[in-house]
Amino acid sequence: MFSRISPRRMSQLFFISLTLFIGWRFALWATALEQGRLPSVTRPPSVDAFLPLSGLMNLKYTLGTGTIHGAHPAALLLFLAVCASALLVKKGFCSFVCPVGFAGEMAGRLGNMAKLARPLPRFLDMPLRGIKYMLLGFFLWNILVNMPVPAIRGFLSNSYNLTADIRMFRFFTEPSTGSLITLGLLLGLPVLIKNGWCRYLCPYGALLGLLSFFSILKIHRNDQACTHCGRCAKACPSSLAVDKKRTMVSDECTGCLTCVESCPEKEALRLSTSPTGAAWSPKAVALLMVLIFLLTAGAGRLSGNWKSHTSNRTIMMEVMKMKKTMPPAAR
């Protein structure tokens with residue numbers, strides 16, 4: 001059975017399974033604290049992957065002070081790992097790792113089955129793609145430019161950031177109207193519009209898209225071997241004109257290798273460092289992605305910058321304060 005599953009899908013299933021396991025462990029930990037008791041399980045540091053803004057702030061703090069803030073140190077390391085993946089294999093994180101990307105793909109499949117999903121016409125697609133860059137610019141400007149290091153330190157040490165993971169947990173367990181709208185867009189847009197969330201609204205994807213311009217590995221097309229059948233462009237999830245470009249440098253390319261796998265000519269398309277470089281297979285990319293995050297976790301543990309330095313008792317006190325300030329309907 002597993003031999004029929006592509007390496008990319010295997011990678012997605014591995015990371016989504018890991019995410020669910022981490023989420024289960026985190027739920028046990030957070031629920032105990034919300035009930036006013038010290039948890040019997042340890043907090044999984046990998047949950048910090050869902051706190052990219054904390055990671056970005058910690059990056060500026062680290063560059064300004066030379067030390068990593070101890071509240072969510074794994075957020076910084078995982079943020080850097082995701083960025084590193086874009087410098088290696090385009091937006092490979094989006095197509096091989098990201099659980100949101102996987103959910104969007106599955107929603108898109110439902111849209112295709114129901115014959116609802118459609119790409120937007122170019123005159124709408126181009127300006128709407130700018131939304132995610134505006135969101136990214138908002139975060140980068142306010143964090144990297146407007147906030148001095150002392151303000152960053154204050155935010156990273158305050159109650160909001162210390163309980164950011166639990167607040168994120170409540171996004172799913174006690175969804176507000178805003179949460180429901182966000183989840184509706186995340187899962188509903190891809191049903192109606194091809195890659196709706198990732199293509200138009202994800203600022204993380206926008207950052208990776210910019211970094212991917214400098215990616216070591218890119219899709220290269222051998223014009224002599226190409227028969228111009230157009231299968232690669234038709235198969236591309238991002239609707240890119242792969243059959244028209246010698247090298248695919250687009251910020252929308254996720255390095256998923258769907259175009260390569262759909263090509264009937266063996267030497268026409270390849271993911272490589274150059275047009276004549278050694279080709280990377282989907283299996284090699286999947287293994288690289290797993291290796292990036294394993295090495296990141298290992299480096300974090302060895303350096304003492306993986307687990308949060310904030311005690312469970314401190315977090316429990318902050319959670320109790322947070323519950324007191326919440327309106328009754330939200331408790």
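Since the structure is predicted, the reported quantities are computational estimates derived from the model, not experimental observations.
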When you measure from the side chain of [X] to the backbone of [Y], do you find a donor-acceptor pair of N or O atoms at a distance under 3.5 Å?
X: Ser11; Y: Pro7; answer: no
X: Arg231; Y: Ser262; answer: no
X: Lys218; Y: Ser215; answer: yes
X: Ser303; Y: Gly300; answer: yes
X: Lys90; Y: Ser212; answer: yes
X: Lys132; Y: Arg199; answer: yes
X: Ser281; Y: Ala284; answer: yes
X: Lys60; Y: Met147; answer: yes
X: Asn158; Y: Asn161; answer: yes
X: Ser238; Y: Leu240; answer: no

Going from [atom1] on [X] to [atom2] on [Y], what distance comes out if it is rounded to the nearest 0.5 angstrom?
X: Thr67; Y: Asn58; atom1: OG1; atom2: CG; result: 8.5 Å
X: Leu187; Y: Thr182; atom1: CG; atom2: OG1; result: 11.0 Å
X: Glu105; Y: Cys198; atom1: CD; atom2: SG; result: 8.5 Å
X: Asn305; Y: Ile68; atom1: CG; atom2: CD1; result: 4.0 Å
X: Leu76; Y: Leu156; atom1: CG; atom2: CG; result: 10.0 Å
X: Tyr61; Y: Arg153; atom1: OH; atom2: CZ; result: 4.5 Å

Can a donor-acceptor pair be found between the side chains of [X] and [Y] at a distance below 3.5 Å?
X: His220; Y: Thr276; result: no
X: His72; Y: Asp48; result: yes
X: Ser176; Y: Ser179; result: yes
X: Tyr200; Y: Asp125; result: yes
X: Ser311; Y: Thr314; result: yes
X: Glu267; Y: Gln224; result: no
X: Thr163; Y: Glu318; result: no

Within 6.0 Å of CZ in Arg246, more than 12 heavy atoms from elsewhere: no

Neighbour count above 12 (heavy atom, 6.0 Å) for Tyr160 OH: no

Are [X] and [Y] ion-paired here, with the side-chain N under 4.0 Å from a carboxylate O?
X: Asp243; Y: Arg221; value: no
X: Glu261; Y: Arg8; value: no
X: Asp251; Y: Lys91; value: no

Pairwise side-chain contact, Gln12 with Val97, heavy-atom cut-off 4.5 Å (strictly under):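 They are not in side-chain contact.
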
Shared hydrophobic cluster, Phe50 / Leu201 (ILVMFWY, side-chain heavy atoms < 4.5 Å):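 No, Phe50 and Leu201 fall in different hydrophobic clusters.
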
Aromatic ring pairing Phe293/Phe15, orientation class (parallel under 30°, perpendicular over 60°, tilted between): perpendicular

Parallel, tilted or perpendicular: ring planes of Phe79 versus Tyr204, cut at 30 and 60 degrees: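 Answer is parallel, since the angle falls under 30°.
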
Criterion side-chain hydrogen bond (donor to acceptor under 3.5 Å, both in side chains) on His69 and Ser157, from CA distance to verdict: CA-CA 8 Å; His69 196 279; Ser157 303; 2.9 Å; yes

Heavy-atom pair of closest approach, residues Asn312 and Leu33: O-CD2, 3.7 Å

